[in-house]
Amino acid sequence: MAQADIGLIGLAVMGQNLVLNMADHGFSVAVYNRSRDKTDEFLAGEAANKSIIATYSLEELVNSLQTPRKVMLMVKAGEVVDAFIEQLVPLLSPGDIIIDGGNSLYTDSTRRTAELKEKGLLFIGTGVSGGEEGARHGPSIMPGGNPEAWHAVKPIFQSIAAKAGNDPCCDWVGDAGAGHYVKMVHNGIEYGDMQLISEAYQLMREGLGLSADECHAVFAEWNKGVLDSYLIEITADILTFKDEDGEPLIDKILDAAGQKGTGKWTGISSLEMGIPLTLITESVYARCLSALKDERIAAAKIYPHKPNTMTANKAVMLQAIHDALYASKIISYTQGYMLMREAAKNFGWQLNFGGIALMWRGGCIIRSTFLGEIKRAFDEQPGLLNLLQDSFFEHAIKQAEANWRKALIFAIEQGIPTPALSSALAFFDGYRCANGSANMLQAQRDYFGAHTYERIDAPRGHRFHTDWIQSGGNVSSTSYEV
Ligand code: NBP
């Protein structure tokens, strides 16, 4: 009997919690999982006595849904998603909707939207952020794909999403792979935020000699100000957590980071778009370097760390680290928005940048007070080219700049690695530099490869070639950009 509002495939941590969240909001959900025992355990446990229906085949799942049928996949991204879509297509009717809520690559979502449209089916590729807790009590949801599907899915998604004030942290992002693209950039920003906080932590621990408890107090205090965010909050919590022997657990955790690919995808996309997403990409590389634990141990023996004996004024330096973190965070979001603007241009998406900030305002891992300012900036100037051109962020950067440099000088003198904090400052210095060093690059390119150059005393687009060593001809290389 057709009765469920939506079907969900994939009863791992995200799937189960989303189903419970939907049921709590009055929706009936039919569920299916490859391994039958997970379905049985779920139904016997938390899903018992709720509007949740177990099914044990895709036919049974599809037949239990109201039309237009809505089937959401919460499974491992990649081939598994394609395999389920292939099995679902013959079971569905025109106008039915397949939703992929996993961390899929946006180009896959673009392809799936087009392939399913040809078959008369509607596809939504949506980012879901917030981990287990978010899925259960209100995630940030970033849907894109075939816009014709949105009205049918909207009531469910906006009910279960986190709320920023009264606004749901979920709205239509754009066509094709736009939803998964925005989720990818969200994850990239998450990599950046986490790396920045970790660098600030190391400066406190190693540079200033603070204990884990002292660091906890600093982060807890910072969480009351402009840095107020979920990631600062959990950092404070982590620092106070003790292992069974009463020592801080953080000191027992191996310094080798894992990653599941979304940061790497963001970096790759930035290279493809030609956008200097330096901070996020450095954060991915920092994880790669961290993973070389054995090599680092060997290198540490060859190049022992000799901390500078200079004694820093702790209060002064903590303020400097705070300001460096804040300024770098502004740069990271600036770069992330530059990337989304370029992607929207390239793919023909109408991205609502203020709306994206609102979607990230609650529920997700990067939620913060700060995102409210980004929303305000784009609401005031929808055509805003760059966050650094908004007066609030201009003021914040100018206020922080001297301390940002002070913190980095301290890091360099102490030999403490700060790739994300440093790359943010390098970007800022490059971005605000009206006359940079690329004249030398162009001269070199023309010298060895006749790649031509533009002159400051000629209109843009006029290209010149010089026979630098008086032995070449007048032929220049074709001028094109890749
Ligand atoms: P996982 O990413 O661990 O996926 C587990 C689900 O995929 C299970 O239902 C499993 O079925 C199914 N599955 C796998 Br694995 N291989 C399969 C195959 N060959 N055929 C059929 N089913 C298969 O679960 P998750 O952590 O809940 O994440 C779900 C999606 O949401 C992923 O794309 C993830 O990247 C994304 N996401 C995760 C989080 C998070 O915090 N975990 C946050 C945001 C987004 P089985 O039970 O039979 O093995």
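Atoms within each ligand, like the ligands themselves, are counted from 1 in listed order. As the structure is a computational prediction, the values presented were derived from the model and not from experiment.
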Open item on the list: Looking only at the side chains, is there a donor atom on one of Arg341 and Tyr337 sitting less than 3.5 Å from an acceptor on the other?
Closed with: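 No - no donor-acceptor pair under 3.5 Å links their side chains.
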TODO: Check each protein residue for a heavy atom under 4.0 Å from ligand 1 and list those that pass, ordered by chain and number.
DONE: Gly10, Leu11, Ala12, Val13, Met14, Asn33, Arg34, Ser35, Lys38, Met74, Val75, Lys76, Ala77, Val80, Phe84, Gly102, Asn103, Val128, Gly131
Task: Criterion side chain to side chain donor-acceptor pair (under 3.5 Å) against Lys183, the qualifying member of Thr126, Thr262, Asn103 - done: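 By the side chain to side chain donor-acceptor pair (under 3.5 Å) criterion, Lys183 pairs with just one of Thr126, Thr262, Asn103: Asn103.
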TODO: Output yes when Glu115 and Arg112 qualify as a salt bridge under the 4.0 Å nitrogen-oxygen rule, no when they do not.
DONE: no
Open item on the list: Asp294: which residues meet the salt bridge (charged side-chain N to carboxylate O under 4.0 Å, His left out) condition with it, sequence neighbours left out?
Closed with: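 Asp294 satisfies salt bridge (charged side-chain N to carboxylate O under 4.0 Å, His left out) with no other residue.
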Open item on the list: Can you confirm if the NZ or CZ of Lys117 lies within 45° of the ring axis of Phe123 and under 6.0 Å from the centre of its six-membered ring?
Closed with: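 Not flagged: Lys117 not positioned over aromatic ring of Phe123.
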TODO: With rounding to the nearest 0.5 Å, note down the distance linking CD1 in Ile232 to OG in Ser368.
DONE: 10.0 Å
